Amino acid sequence: MARAKEPTFRESVDIMFARAVALMDLPPGLEEKIRVCNATYTVRFGVRMRGEIKTFTGYRAVHSEHMEPVKGGIRFALGVNQDEVEALAALMTYKCALVEAPYGGSKGGLCIDPRAYDDEEMERITRRFAYELIKRDLINPSQNVPAPDMGTGEREMAWIADQYQRMNTTDINGNACVTGKPVNAGGIQGRTEATGRGVQYALQEFFRHPQDIKAAGLSGTLDGKRVIVQGLGNVGYHAAHFLSTEDGAKVTAVIERDGAVSNDAGLDIDALRGWIIENGGVKGFPDATYEADGSKLLEAECDILIPAALEGVIHMDNAAKVSAPLIIEAANGPITAGADEILRAKGCVIIPDMYANAGGVTVSYFEWVKNLSHIRFGRMQRRQEENRHQLIVDELERISTDSSINWTLSPDFKTKYLRGAGELELVRSGLDDTMRAAYNDMANVWRNRDDVPDLRTAAYLVAIDKVANSYRAKGL
Ligand code: NAD
């Protein structure tokens with residue numbers, strides 16, 4: 001059966017943008033200035049390998065430079081195209097504004113199937129692509145700072161940082177040219193888990209607000225909630241792992257490239273992740289039911305659906321069949337504009353991508369600050385904090401021995417209280433704070449304005465208002 005006519009990813013972002021600006025009072029022309037993508041650079045470059053020259057096509061789109069540097073991931077996937085990177089760059093502008101990361105929006109991509117090349121080939125391709133972008137300042141600590149996205153991770157970021165430093169040997173801030181690097185190459189603790197961790201913090205915050213829980217037709221807490229995850233990559237795995245091991249949620253199904261596995265009693269996420277790494281897919285995972293047509297599981301009964309793979313997976317043809325009352329968009333653009341309307345009409349609450357997956361850019365911001373300040377977070381104050389806590393504990397223990405009342409501190413309290421915050425604790429604390437604050441900025445608009453029908457429109461309103469203020473301050 002032919003699929004219903006859907007807007008493209010970029011058209012979807014534009015439709016959602018238009019829906020929000022219709023509720024705002026922006027000066028003529030400013031709306032257009034904010035919406036358009038400032039520039040997109042396309043590069044075609046050759047790499048000699050396997051006895052021939054292979055030509056690759058890559059992009060770097062800069063959506064808005066109201067703040068610099070601009071920021072956004074680099075994606076390695078066969079489906080990468082200009083429309084997609086521009087849509088993703090626009091989302092980055094709004095996402096950074098919403099979580100108050102001081103950046104404009106950008107995004108990059110390379111049309112490649114990374115699984116078709118070995119490590120040494122991938123390094124040569126990545127370095128060559130990085131070279132093309134660096135020489136045009138499209139990778140630069142003060143102008144344009146990439147990060148990982150689909151198909152890229154710490155390894156690629158380390159190659160990019162090294163390539164920049166080879167080409168800019170006297171730039172003392174060279175490490176800040178890219179984020180998401182390994183900790184031993186200038187990265188920050190907690191970056192790899194950050195986006196999935198942010199999804200967890202977003203859900204925790206949602207479940208602190210009874211009226212929002214009720215709006216989704218749910219009740220109670222995250223404990224015992226049935227969760228379906230699509231894509232057990234970086235974002236999906238960390239979200240599923242933390243929700244199931246720390247919040248008592250049950251991941252009842254995981255959808256991957258080669259199909260889906262489900263178990264109503266809950267899947268062991270770490271065992272499943274290990275299985276995928278070893279076997280290349282979910283098929284054959286023990287203690288679970290396998291379904292070759294994985295996308296069917298997007299429609300299965302659950303409390304929370306987490307699409308964490310790619311865009312456009314919930315579209316006009318399957319939206320009506322999706323039964324989840326709450327969807328959190330861990331991936332960028334997993335719900336098309338058409339599907340969004342169908343789901344909202346059914347009463348489904350959608351926690352939008354712009355907010356839901358902002359954990360990655362938030363911790364990237366911390367990494368960039370760490371690189372510019374050349375010191376690890378917590379290094380100066382950790383022991384001093386521990387010493388002050390020790391003073392209080394010693395004093396409490398002295399009082400307890402001197403007084404007639406016989407009481408002691410529980411050992412658990414002592415170990416927890418005496419431990420000063422290291423980099424990971426500080427990163428998690430900063431991320432949690434950011435996700436809570438941004439949720440409330442967005443949700444307050446949703447709850448308090450009758451003309452704002454959903455969290456996505458509310459998120460756009462908050463973000464566009466911040467970008468507009470920043471343009472106004474520049475005199476535009
Ligand atoms: P990833 O490459 O680590 O993981 C993607 C996963 O999806 C893989 O396990 C892959 O096998 C699976 N997948 C691919 N096609 C699929 C399909 N058709 N059906 C089911 N599963 C499929 O990528 P990631 O970094 O986890 O990114 C996932 C999404 O999150 C993307 O939309 C990305 O833009 C977004 N995102 C990522 C970050 C980050 O920090 N990595 C930050 C913000 C947003």
Side-chain angles (χ1 to χ4, degrees), residues 99-102 141 147-148 154 157-158 161 172-173 175-176 178-205 207-208 222 234 237-239 241-248 270 358-403 405 407-440:
V99 296
E100 297 188 342
E154 287 189 343
M157 301 306 116
I172 195 169
N173 292 322
N175 244 346
V178 67
T179 57
K181 303 178 290 292
V183 176
N184 61 13
I188 194 166
Q189 304 249 12
R191 173 59 184 89
T192 304
E193 67 172 42
T195 310
R197 187 56 97 174
V199 170
Q200 176 201 27
Y201 289 158
L203 282 172
Q204 287 177 351
E205 187 55 24
F207 277 92
R208 285 189 191 103
L222 270 172
N234 179 324
Y237 162 71
H238 285 104
H241 168 79
F242 293 133
L243 287 167
S244 58
T245 56
E246 297 177 7
D247 296 296
D270 285 276
V361 73
T362 302
V363 177
S364 275
Y365 167 41
F366 302 156
E367 179 177 333
W368 182 72
V369 171
K370 174 187 180 182
N371 293 152
L372 295 179
S373 56
H374 299 268
I375 188 163
R376 165 169 55 80
F377 289 108
R379 183 163 175 183
M380 301 297 278
Q381 67 270 43
R382 180 176 188 161
R383 301 300 167 196
Q384 193 260 1
E385 192 188 335
E386 287 181 357
N387 291 341
R388 287 166 65 88
H389 287 183
Q390 185 70 55
L391 273 180
I392 295 180
V393 169
D394 289 350
E395 193 60 9
L396 285 172
E397 287 182 332
R398 188 190 62 75
I399 296 168
S400 80
T401 359
D402 288 357
S403 73
I405 318 157
W407 56 273
T408 49
L409 297 173
S410 60
D412 192 34
F413 167 82
K414 268 177 79 169
T415 31
K416 278 189 184 158
Y417 188 66
L418 285 177
R419 194 174 138 79
E423 185 170 78
L424 185 59
E425 286 89 353
L426 291 169
V427 162
R428 286 178 178 165
S429 154
L431 175 60
D432 193 9
D433 185 58
T434 304
M435 296 308 289
R436 289 186 200 212
Y439 182 82
N440 287 297

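Side-chain atoms are counted along with the backbone in the values below, which use heavy atoms only and exclude waters and symmetry mates. Note that the structure is a prediction, hence the values are computed from the model and not measured.
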What's the spacing between Lys414 NZ and Leu418 CG if we round to 0.5 Å?
7.0 Å
Rounded to the nearest 0.5 Å, what separates atom CG in Asp270 from atom OG1 in Thr245?
7.5 Å
I need the Leu396 CG to Thr408 OG1 distance, nearest 0.5 Å.
11.5 Å
Under 3.5 Å, side chain of Lys181 to main-chain N/O of Ala161, donor-acceptor pair present?
no
Cationic N near anionic O, under 4.0 Å, Arg191 to Glu154
no
In plain terms, say whether Arg382 and Glu385 are close enough for a salt bridge, that is, a side-chain N and a carboxylate O under 4.0 Å apart.
no
I'd like to know if the side chain of Ser429 and the backbone of Glu425 have a donor-acceptor N/O pair within less than 3.5 Å.
no
CD1 of Ile392 to CG of Leu409, rounded to nearest 0.5 Å, is 11.0 Å
Relative to each other, are the rings of Trp368 and Tyr365 parallel, tilted or perpendicular (30° and 60° limits)?
tilted
I'd like to know whether CD1 of Ile172 has more than 12 heavy-atom contacts from other residues, nucleotides or ligands below 6.0 angstrom.
no
Do the side chain of Glu205 and the main chain of Met435 share a donor and acceptor less than 3.5 angstrom apart?
no
Under a 3.5 Å distance rule, please check whether Gln189 uses its side chain to pair with a backbone N or O of Glu423 as donor and acceptor.
no
Decide yes or no for Thr192 and His238: does some side-chain heavy atom of the first lie under 4.5 Å from some side-chain heavy atom of the second?
yes
If you draw a 6.0 Å radius around CZ in Arg388, do more than 12 non-hydrogen atoms from other residues or ligands fall strictly inside?
no
Can you name the one residue among Asp432, Leu243, Leu431 that meets side chain to side chain contact (heavy atoms under 4.5 Å, CB included) with Gln200?
Leu243
Keeping Ser400 on the side-chain end and Glu397 on the backbone end, is there a donor-acceptor pair under 3.5 Å?
yes
Assess whether a salt bridge exists between Arg398 and Asp394, defined as any Lys/Arg side-chain N lying under 4.0 Å from an Asp/Glu carboxylate O.
no
Apply side chain to side chain contact (heavy atoms under 4.5 Å, CB included) to Asn173 and list each qualifying residue two or more places apart in sequence or on a separate chain.
Asp171, Leu372, His374
Can you see which heavy atom on Thr179 is nearest to which on Ser364, and at what distance?
OG1-OG, 2.7 Å
Worked verdict on Leu222 versus Gln204 for side-chain contact (heavy atoms from CB on, under 4.5 Å):
CA-CA 7 Å; Leu222 270 172; Gln204 287 177 351; 4.0 Å; yes
Salt-bridged, Glu367 to Lys370, with N to O below 4.0 Å?
no
Shortest non-hydrogen separation from Ala194 to Gly359 and the atoms involved:
CB-O, 3.6 Å
Ignoring hydrogens, what is the shortest heavy-atom contact between Val99 and Ala358? Give both atom names and the distance.
CG1-CB, 3.5 Å
From Gln390 CD over to Tyr417 OH, what is the distance, rounded to the nearest 0.5 angstrom?
10.5 Å
Is it the case that the side chain of Asn371 and the backbone of Gly186 share a donor-acceptor pair, with hydrogens and angles ignored and the cut-off at 3.5 Å?
yes
Is Tyr439 close to Arg208 at the side-chain level, that is, under 4.5 Å between some pair of heavy atoms?
no
Here the gap from Leu424 atom CG to Glu193 atom CD, rounded to the nearest 0.5 Å, amounts to 5.5 Å
Which of parallel (below 30°), tilted (30 to 60°) and perpendicular (above 60°) describes Phe366 and Phe377?
perpendicular
